[in-house]
Amino acid sequence: MAQTLPLGPDSRLYLVDGSAYIFRAFHVLDRHAGGSERFQKKDGTPTSAVFGFCNMLWKLVSDAHDAAQEEIGQPTHFAVVFDHSGESFRNALYDEYKANRSAPPEDLVPQFPLVRDATRAFGLPCLEMAGYEADDIIATHARLAEEKGAETVIVSSDKDLMQLITDRTVMFDPMKNRIIDRQAVIEKFGAGPERMIDMQALMGDSTDNVPGVPGIGPKTAAQLLEDYGSLDALLDRADEIKQKKRREMLIAHREDALLSRQLVTLDRHVPVEEAPEDLGLSPFDHAALVRFLEDEMEFNTLPKRIREAGGLEVPTTEASPAAVPIDQNGYEIIFDPKILRALMAEAEEHGIIAIDTETDNLEGMKANLCGISFSIVPGKAYYVPVGHGQTDLSLDDPEHSQQMSEATALDILKPVLLDPSILKVGQNLKYDLLILRERDIDVVGYDDTMLLSYAADCGFASLHGMDELSKRHLGHEPIPYKEIVGTGKKQKTFGDVPIKDAYIYAAEDADVTLRLHTILKSRAIESQVYTVYETMDRPLVSVITDMERAGIKVDRDRLSALSGEFAQRMAAHEAAVHDIAGERFNLASPKQIGDILFGKLGLPGGKKTKTGAWSTAADTLETLAADGAEIAQEILSHRGLAKLKGTYTDALSESIHPKTGRVHTSFSLASTTTGRLSSNDPNLQNIPIRTEDGRKIREAFIPEDGNVLISADYSQIELRLLAHIAEIGPLIEAFHQGLDIHAMTAAEVFGVPLEGMDPSIRRQAKAINFGIIYGISAFGLARNLGIGRDEASLFIKRYFERFPGIKAYMDETIEGARVHGYVETLFGRRSHTPNIKAKQPNIRMGAERQAINAPIQGSAADIVKRAMIRVPAALAAHRLSAKMLLQVHDELVVECPADQADETAAVLKDVMEGAAGPALSLSVPLVVEAGQGASWEQAH
DNA sequence: GTAATCACG
DNA sequence: GACGTACGTGATTACG
């Protein structure tokens with residue numbers, strides 16, 4: 001129970017908005033987790049909201065909280081506040097207050113008293129008062145705490161409470177783990193907490209039926225208050241407002257605004273019964289809490305966690321991987337080859353081993369091996385150092401702690417790594433595979449936890465890195481890498497980390513990976529995405545490892561010559577700009593360009609970016625240039641060259657590997673929400689092609705002497721897949737006949753003949769086709785084509801009339817996303833769309849466009865992946881020695897001996913065009929165009 | 001670290 | 001009737 005504890009400057013009072021939380025917990029669990037079926041007692045009493053509520057309370061009061069709460073600090077005082085049933089004083093002010101609220105859901109009603117019981121079971125004060133809302137009680141206690149100099153944390157995300165925020169009072173959203181302080185309020189509403197009352201009075205609130213002033217939203221309200229200082233001043237001087245509509249509204253709804261202000265102003269002087277010192281947090285009775293949760297609520301996992309925390313239960317060692325606590329005492333350093341051999345025998349017996357290589361470089365091609373960690377049984381993990389600094393004096397017995405050589409260690413590990421009956425588990429195993437292949441060990445039989453997570457949870461904002469996965473699935477935060485190697489100047493390579501520190505980090509990685517594997521594998525199987533993992537992403541790891549190792553040759557001299565050329569031309573443009581501007585400034589700074597163009601020179605038509613700065617983006621400058629502003633054209637030319645030089649000619653040279661003379665990118669297999677790959681360090685998927693200068697950079701990508709580069713790319717793959725998926729007869733037919741699909745679209749939509757078609761009409765049709773794939777909007781199409789929105793709307797309308805199947809596909813896809821929470825590619829890859837039910841229209845519509853696009857883009861990605869997996873075997877079958885080097889979404893680049901070029905191109909084309917089969921028989925043909933040459937530019 | 005910009009599919 | 005918008009990426013630079 002709560003204890004008497006004086007409240008002073010060192011105290012911190014948590015005030016939980018209980019009522020609001022019940023609704024949130026209920027909706028989250030019921031909507032997304034099938035709460036009503038999963039959370040109920042044997043007698044049928046629903047408990048989903050109680051469960052969510054208890055989880056939150058536990059997180060708040062135990063040590064299991066997140067980083068955000070860590071920042072706020074632990075509570076010393078605590079209360080949970082509820083709305084009292086019945087009306088509040090606000091109904092006397094306005095009888096329509098909250099009149100539009102519908103009755104709470106049937107399944108929620110019986111949970112109201114249970115949540116209060118739960119609060120008491122936690123030993124926490126439970127506050128409510130007739131005639132007042134929870135918010136008023138919170139406001140009063142926050143005031144009392146502030147008067148005592150204490151800090152207050154309001155656990156809620158309700159904007160009605162934001163008026164209470166001060167330097168010593170913050171809000172905390174436990175579901176999003178977000179701190180809402182003064183700054184956050186300003187970011188969200190454009191006005192500080194002290195203005196929130198006036199803001200709300202103007203905006204109104206449809207959920208509480210607070211009227212406000214019609215037509216005024218947050219943006220306008222913030223602007224008006226900024227200009228006039230306060231609501232009173234604004235209303236008094238309303239006749240000064242320039243915008244007719246707004247002025248009339250403010251005058252007409254003056255009384256509404258004043259009433260709204262009364263309604264939204266919280267009562268900070270409620271005659272509360274409890275003094276602040278009555279709310280002191282006392283150590284709580286784990287046993288009593290567990291009894292309530294188990295016996296009365298019939299929960300399982302939560303009481304188990306509370307038992308463990310309270311020392312009521314010794315965790316079992318044989319249960320689920322998550323149940324074994326992660327404990328560094330189970331980790332060991334291996335110096336003795338004999339022990340390593342013995343452990344490999346154990347791995348053979350278990351048939352599974354999690355491994356992780358530690359190196360001194362994130363770029364695998366440049367990395368030296370520092371050590372290898374592994375784990376065979378959860379909780380026990382080992383680190384074999386092979387490349388740490390000479391003698392590690394930090395060890396207890398440096399003399400007898402001699403690390404074995406890399407060769408010795410790898411020799412002992414090798415049989416296990418090559419044995420397909422022993423499963424090797426890794427997190428982002430591509431990296432380890434590369435390290436080992438560079439040392440002539442080709443791992444056979446592996447699973448990748450990152451890719452299992454990607455298959456199961458693709459599309460969720462959460463990422464698939466090990467730290468994230470561990471936190472999410474094991475509730476354990478691993479030692480951060482940065483903590484081991486340091487940051488900034490003091491950062492050292494892993495080899496310089498004392499073995500005594502390194503082994504714990506390394507062993508933990510293996511331990512965590514092994515545990516994650518069990519959880520993620522069953523998760524992928526249960527959610528029916530295991531096939532995607534098993535047939536596409538997992539086999540791809542090996543293929544991509546070889547591509548990364550192969551790299552692509554880049555002509556350094558060519559690049560540096562190009563760099564010089566660009567530099568010269570940039571200087572000329574820079575001089576011209578400075579001449580016109582009449583002063584020198586930094587052309588790389590958009591801010592300075594904006595100041596010169598729209599400030600000093602006073603050019604018209606300036607647009608603002610979302611942060612209020614002048615936009616100097618290309619389309620803005622192009623408009624200015626078209627209107628005769630020579631300086632805009634000069635800036636554009638300069639910027640184009642600066643981009644090419646900075647991002648490509650100069651940076652690419654840095655990436656040429658000193659030993660191989662080639663550029664080895666890293667492909668990421670789990671970065672995108674659609675199933676595509678991405679390329680980084682350097683990114684070789686965005687090498688210029690659209691401009692003449694840009695294409696000169698492609699000329700620097702070359703084959704070895706005697707070889708050629710072949711580039712093979714799918715023609716219109718996404719449009720073809722759209723035609724197939726949405727079953728659009730005329731489009732399917734057009735693809736079969738090999739027609740120009742954009743011209744054909746133009747003919748259908750604009751009713752013009754194919755013969756002698758105006759190129760600009762075709763261009764517009766092409767833009768529509770792309771727009772369709774992106775989840776078209778009139779706004780977007782209008783902007784892209786530089787036409788009016790009305791005209792764009794008309795185009796879209798005609799398109800949908802001509803191809804009604806497309807509209808139907810879009811509607812069905814969005815509906816499917818709403819029902820399931822994800823969309824699927826033709827091959828069953830899922831992309832989750834968590835925002836599909838968002839309240840904010842812009843967020844929701846964004847999710848809808850993603851839902852439309854992901855199956856198309858993702859199915860194309862699947863097909864390319866299927867092709868990539870088959871290419872090596874197909875080449876081998878034809879005794880061709882070609883190597884795959886790059887993938888650029890719909891294009892594969894390979895290098896082969898010149899005398900094999902034609903045959904290689906034919907094999908490549910065959911594999912790619914047939915990559916959808918046999919799993920799928922498409923209603924459209926896939927067409928691949930292949931070219932070859934002495935550079936990537938020539939091959940394209 | 002974030003924002004702006006721009007390279008690609 | 002208003003929201004505020006094309007889909008998916010990564011690298012560079014300035015700037016606080």
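Lettering follows sequence order; numbering is per chain, from 1.
OP1 or OP2 of C/dG8 has not a single side-chain nitrogen or oxygen of A/Thr672 nearer than 4.0 Å. Checking the phosphate oxygens (OP1, OP2) of B/dG9, no side-chain nitrogen or oxygen of A/Gln857 falls inside 4.0 Å. Residue A/Gln592 has a polar side-chain atom (N or O) positioned under 4.0 Å from OP1 or OP2 of C/dC15. Distances shorter than 4.0 Å separate none of the side-chain N or O atoms of A/Arg783 from OP1 or OP2 on C/dT5. One finds no side-chain N or O of A/Arg676 lying less than 4.0 angstrom from the OP1 or OP2 phosphate oxygen of C/dC7.
For the C1' atoms, the distance from B/dC6 to C/dG4 is 23 Å, rounded to whole Å.
For the segment residues 679-688 of chain A, residues with any heavy atom less than 4.0 angstrom from an atom of DNA chain B are, sorted by number, A/Gln685, A/Asn686, A/Ile687, A/Pro688.
Screening A/Ile856, A/Val924, A/Leu926, A/Leu722 against A/Ile717 for a side-chain contact (heavy atoms from CB on, under 4.5 Å) leaves a single residue, A/Leu926.
For A/Ser666 and A/Asp681, the side-chain atoms include no donor-acceptor pair closer than 3.5 Å. For the residue pair A/Arg639 / A/Thr616, a side-chain donor-acceptor distance below 3.5 Å is found, with atom types taken as modelled.
Nucleotide C/dA2 is matched to nothing when pairs are restricted to Watson-Crick or G-U wobble geometry with both distances under 3.5 angstrom. B/dC6 and C/dG10 make up a base pair, with Watson-Crick or G-U wobble contacts both under 3.5 Å.
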